[in-house]
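Numbering of ligands and ligand atoms starts at 1, following listing order. Residue indices begin at 1 and follow the sequence shown.
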Amino acid sequence: MKLILLGPPAAGKGTQAEGIAERYSLAHISTGDMLRAEIALKTTLGLQAKALIDDGNLVPDEIINEMVKERIRQEDCKGGFLLDGYPRTLAQAETLSQITNIDAVLDIDVEPEVLVTRAAKRRVCPECKHTQLVDGVTDAVCAKCGAKLIQRPDDNPEAMRHRLAIYYERTFPLIRYYKAKGILKAIDGSGTIEKVSSEIFEFIDGKLS
Ligand code: AMP
């Protein structure tokens with residue numbers, strides 16, 4: 001099974017991806033996590049990407065496409081994979097269509113006002129990459145591994161508003177693109193994590209049966 005998770009920033013893609021990848025033994029490919037790993041290692045790519053990411057801009061298509069092409073060739077992707085945060089532009093979607101066939105695209109839909117509030121509360125674990133929402137807690141720790149959680153630089157309200165604008169301009173057209181291919185499944189992302197997961201699992205189980 002080869003899946004794409006589509007949706008605006010802070011819609012819950014990463015959180016849902018963790019659960020889906022585990023339940024169906026799929027490789028979880030998050031281009032955002034891959035780029036953050038490059039930044040942490042201070043590679044040439046990481047240094048190039050950091051300013052773009054921190055300001056909420058997209059990394060150029062050619063760089064991302066190469067990164068994903070190489071990643072999905074790896075052994076752990078042979079049994080299927082889940083793309084989280086890729087493709088984000090029509091050019092990326094076209095490149096992807098030339099390298100593999102996708103079974104379904106899950107579009108997690110959440111209202112923009114909810115997204116800005118969620119991003120402000122979002123904290124990530126620097127160790128295991130788990131994401132949590134915190135309410136007024138300054139020293140929150142990861143529920144999975146206990147490490148001290150941090151806030152992503154691009155989750156500040158200014159960068160977040162810019163990311164949303166970019167999402168509607170560059171990524172939103174992909175909904176129509178995949179609808180036309182007949183592989184889009186809209187998911188209501190406004191409910192609890194469990195409610196969203198069960199809608200997704202029901203859909204994937206239906207496809208597998
Ligand atoms: P994410 O963790 O998916 O929210 O990604 C964080 C940031 O990484 C984005 O705001 C972009 O700057 C960059 N990024 C991640 N995936 C892509 C992509 N497919 N195309 C361009 N930039 C990306």
Side-chain angles (χ1 to χ4, degrees), residues 2-18 20-21 27-41 43-72 81-100 102 105-110 112 114-116 118-126 128-133 149-175 177-178 189:
K2 296 172 190 167
L3 301 172
I4 292 174
L5 268 187
L6 203 62
K13 297 189 296 295
T15 301
Q16 293 301 330
E18 275 184 42
I20 301 168
H28 174 195
I29 305 177
S30 157
T31 42
D33 281 350
M34 290 168 80
L35 290 166
R36 283 183 286 274
E38 297 282 343
I39 292 173
L41 291 170
T43 62
T44 312
L45 166 56
L47 295 173
Q48 253 180 305
K50 182 168 173 25
L52 291 169
I53 295 177
D54 285 355
D55 289 345
N57 289 308
L58 294 184
V59 173
D61 289 336
E62 311 79 66
I63 295 180
I64 296 286
N65 284 334
E66 276 314 308
M67 215 171 74
V68 172
K69 270 188 207 171
E70 201 180 303
R71 179 67 187 88
I72 62 182
F81 55 79
L82 172 64
L83 289 163
D84 158 13
Y86 179 93
R88 259 179 159 98
T89 65
L90 284 168
Q92 292 178 16
E94 280 298 333
T95 300
L96 181 66
S97 73
Q98 284 155 21
I99 51 178
T100 192
I102 295 296
V105 179
L106 305 169
D107 174 41
I108 306 186
D109 189 27
V110 181
V114 178
L115 298 169
V116 177
R118 269 198 203 169
K121 292 181 181 175
R122 177 158 76 171
R123 298 293 181 274
V124 290
C125 175
C128 74
K129 312 298 172 221
H130 179 66
T131 300
Q132 274 170 238
L133 297 182
L149 296 172
I150 55 167
Q151 185 172 31
R152 280 170 46 168
D154 57 346
D155 271 347
N156 75 72
E158 197 188 332
M160 181 58 189
R161 268 189 286 275
H162 186 55
R163 286 162 69 201
L164 275 177
I166 297 219
Y167 166 78
Y168 286 109
E169 187 190 323
R170 310 283 309 275
T171 311
F172 191 75
L174 295 182
I175 295 177
Y177 174 90
Y178 285 118

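- No option in Asp155, Asn57, Thr171 other than Asp155 meets the side-chain hydrogen bond (donor to acceptor under 3.5 Å, both in side chains) test with Arg163.
- Closer than 4.0 angstrom to ligand 1 lie heavy atoms from Thr31, Gly32, Leu35, Arg36, Ile53, Asn57, Leu58, Val59, Ile64, Gly85, Tyr86, Arg88, Gln92, Arg152, Asp154, Arg163.
- Under the side-chain contact (heavy atoms from CB on, under 4.5 Å) test applied with Ser30, the options Asp84, Leu5, Leu82 reduce to a single match, Asp84.
- Every residue meeting the side chain to side chain contact (heavy atoms under 4.5 Å, CB included) condition with Lys121, not counting sequence neighbours, appears here in chain and number order: Thr117, Leu133, Asp135.
- Qualifying salt bridge (Lys or Arg N to Asp or Glu O under 4.0 Å) partners for Arg118, counting only residues two or more places apart in sequence or in other chains: none.
- Counting heavy-atom neighbours within 6.0 Å of Gln98 CD, excluding the residue itself, gives a total above 12.
- In terms of the ring-ring contact (aromatic ring centres under 6.0 Å, His included) criterion, Tyr177 has no residue partners (sequence neighbours excluded).
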